[in-house]
Amino acid sequence: MREIDANTAAAYLVATRRVPPATHLRVTELAGGVSNIVLKVDVEGQPPFVVKQCRERLRVAQEWRAPLRRIWTECEALRVLGEILPSGSVPGVLFEDQPNYLFAMECAPQAAVTWKSRLMQGDCDPVIAATVGDLLGLIHVRSQRHPTLQTTLADVSLFDELRIDPYYRTTARAVPAAAPALEALIASMPAIPRALVLGDYSPKNILVHDHQIILLDFECAHAGDPAFDVGFCLSHLLLKLFRARGRAAELAVAQAFLDAYAKTAETDTRQAARHAAACLLARLDGKSPVEYRHELNQNSIRQLALDALTAAQPWTTSELVRAAQASASDQLHT
């Protein structure tokens with residue numbers, strides 16, 4: 001495989017005839033990913049585009065490797081999402097280079113920013129959260145009979161390697177009290193009705209331009225349990241709620257996301273709550289801990305997650321949100 005970076009991408013693009021010789025190019029590396037190199041290519045007289053190439057070793061503290069073929073899962077998911085979502089919701093694929101495990105896609109508007117960056121700055125617009133919830137609902141509803149769920153996206157091995165093992169199994173070893181519940185959650189997933197599950201529906205992979213939402217990063221996409229996506233995204237919103245000490249604005253964002261999703265799609269809210277609780281633990285004790293965990297009351301989050309996972313009567317997502325808000329608010333008085 002020919003690895004490229006910001007210094008070598010221009011030569012690669014010319015050599016492979018993706019751009020004509022003597023074309024003026026400016027290549028810059030985009031930040032944020034841990035599993036790929038992502039490059040923005042500005043071409044004189046043409047719209048910019050993005051080149052994404054897989055890396056086998058993920059850029060986290062613990063040893064974590066993943067198969068390079070995940071790049072083709074992402075390409076397939078982009079095509080499916082382009083069919084079922086409103087225009088502009090995902091970038092279009094421009095070209096693929098299979099021997100070198102890379103592809104190019106359309107570039108988002110320059111002014112687009114990640115939803116995560118806005119949330120971290122305290123910019124909690126419930127309209128954006130509702131759009132995010134509605135889009136996820138559309139994905140789960142409209143994908144259910146898509147033929148790729150029986151073919152290219154039927155393989156769940158990448159999801160297991162990139163999510164279940166580093167998040168759930170690693171956390172089960174680190175937090176023995178949660179192990180039985182996490183093992184039961186893993187075992188329950190194959191029996192869940194199938195839809196296109198993205199596996200990384202996170203604020204860092206959601207761009208906001210005005211009120212247009214653009215979704216990114218689909219290496220974990222597969223036919224699976226829709227409740228995982230709901231719980232995964234909700235866990236990120238609850239972490240922001242804890243970081244903000246239970247502030248009403250962050251609470252409104254989490255609720256707007258859930259309400260909009262519920263208007264568009266149906267899922268088992270108890271299963272989604274279990275996934276959210278499991279992901280909360282995983283972002284503290286799994287292979288990919290959240291980078292701002294030093295700002296959080298980690299003991300409170302662990303206790304909340306354990307309570308939700310081990311409750312005799314499983315919690316709904318609404319019950320989890322209320323308990324998170326109460327726990328996060330209590331930090332103001334301790």
Side-chain angles (χ1 to χ4, degrees), residues 77-92 106 108-109 111-119 123-146 148-149 153 192-218 220-241 248-273 275-276 279 316-318 320-322 324:
L78 277 167
R79 293 190 183 93
V80 173
L81 293 169
E83 294 174 19
I84 66 177
L85 290 182
S87 177
S89 298
V90 295
E106 295 169 338
V113 298
T114 67
W115 190 32
K116 176 181 177 177
S117 68
R118 292 181 60 149
L119 291 171
D123 183 355
C124 297
D125 186 342
V127 174
I128 294 173
T131 304
V132 170
D134 181 61
L135 279 178
L136 185 60
L138 288 176
I139 292 167
H140 290 163
V141 169
R142 293 179 178 178
S143 67
Q144 289 177 10
R145 292 180 177 84
H146 199 282
T148 56
L149 298 191
L153 294 175
I192 303 298
R194 306 292 92 177
L196 176 59
V197 175
L198 302 183
D200 202 4
Y201 200 69
S202 158
K204 73 178 176 63
N205 294 326
I206 298 170
L207 297 179
V208 181
H209 181 241
D210 295 329
H211 275 85
Q212 169 74 30
I213 300 299
I214 304 167
L215 308 180
L216 303 173
D217 208 347
F218 310 110
C220 299
H222 65 288
D225 176 4
F228 179 86
D229 278 344
V230 178
F232 188 81
C233 189
L234 179 60
S235 71
H236 284 274
L237 302 182
L238 295 182
L239 287 171
K240 307 296 185 294
L241 179 65
E250 279 75 10
L251 177 65
V253 161
Q255 199 59 60
F257 164 73
L258 290 174
D259 290 346
Y261 179 87
K263 289 179 181 178
T264 306
E266 293 183 3
T267 195
D268 182 343
T269 65
R270 299 184 190 279
Q271 180 80 345
H275 281 299
C279 289
T316 64
T317 49
S318 294
L320 178 63
V321 169
R322 287 197 296 271

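Just so you know, these numbers use all the heavy atoms, side chains as well, and skip hydrogens, waters and symmetry mates. Throughout, numbering of the chain's residues begins at 1 and tracks the sequence. Every value quoted in this text rests on a predicted model; they were computed, and no experiment measured them.
Residues Val197 and Gly224 approach most closely at CG2-C, 3.4 Å, considering heavy atoms. Summarising the geometry of Ala273 relative to Leu320, their closest heavy-atom pair is O-CD2, 3.7 Å, with the distance given to 0.1 Å. Contact detail for Val208 and Asp210: the closest heavy-atom pair is CG1-O, 3.2 Å. Across all their heavy atoms, Ala227 and Asp268 have their closest contact at CB-O, 4.1 Å. Here the shortest heavy-atom pairing between Pro126 and Ala256 reads O-CB, 3.6 Å. Considering every non-hydrogen atom in both Ser318 and Gln255, the closest pair reads OG-NE2, 4.3 Å.
Atoms CD and CG, on Gln212 and Leu207 in that order, are 10.0 Å from each other to the nearest 0.5 Å. Once rounded to the nearest 0.5 Å, the distance linking OG1 of Thr316 with CG of Leu258 reads 9.5 Å. Arg194 contributes atom CZ, which lies 6.5 Å from atom CG of Asp225 (distance to the nearest 0.5 angstrom). Atom-to-atom distance recorded for Ser202:OG and Leu216:CG is 10.5 Å, nearest 0.5 angstrom. Interatomic distance, CG of Leu119 versus SG of Cys124, reported as 5.5 Å (0.5 Å rounding). Here CH2 of Trp115 is found 15.0 Å from CD1 of Ile214. Values are rounded to the nearest 0.5 Å.
Of the possible donor and acceptor atoms, none in the side chain of Ser143 sits under 3.5 Å from a partner among the backbone N and O of His146. A donor-acceptor contact shorter than 3.5 Å is absent between the side chain of Asp229 and the backbone of Tyr201. In this structure, Asp200 contributes its side chain and Asp217 its backbone to no donor-acceptor pair below 3.5 Å. With hydrogens and angles disregarded, no donor-acceptor distance shorter than 3.5 Å links the side chain of Arg142 to the backbone of His140.
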### Query
Would Leu196 and Thr148 satisfy side chain to side chain contact (heavy atoms under 4.5 Å, CB included), going step by step from the backbone distance to the final call?
CA-CA 9 Å; Leu196 176 59; Thr148 56; over 6 Å; no

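A heavy-atom distance below 4.5 Å is not found between the side chains of Asn205 and Leu215. Side-chain contact between Phe218 and Val80: absent, with no pair of heavy atoms (C-beta onward) separated by less than 4.5 Å.
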Under 3.5 Å, which donor-acceptor pairs link side chains of residues 127-139 to any protein atom two or more places apart or in another chain?
from, atom 1, to, atom 2, distance (Å)
Thr131, OG1, Val127, O, 3.0
Asp134, OD1, Thr264, OG1, 2.6

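Every residue two or more places apart in sequence or in another chain that forms a ring-ring contact (aromatic ring centres under 6.0 Å, His included) with Phe228 is listed here: Phe159, Phe232, His275.
More than 12 heavy atoms of other shown residues, nucleotides or ligands fall within 6.0 angstrom of atom CD in Glu83.
The residue from Arg118, Lys240, Lys116 that alone fulfils the salt bridge (charged side-chain N to carboxylate O under 4.0 Å, His left out) condition with Asp123 is Arg118.
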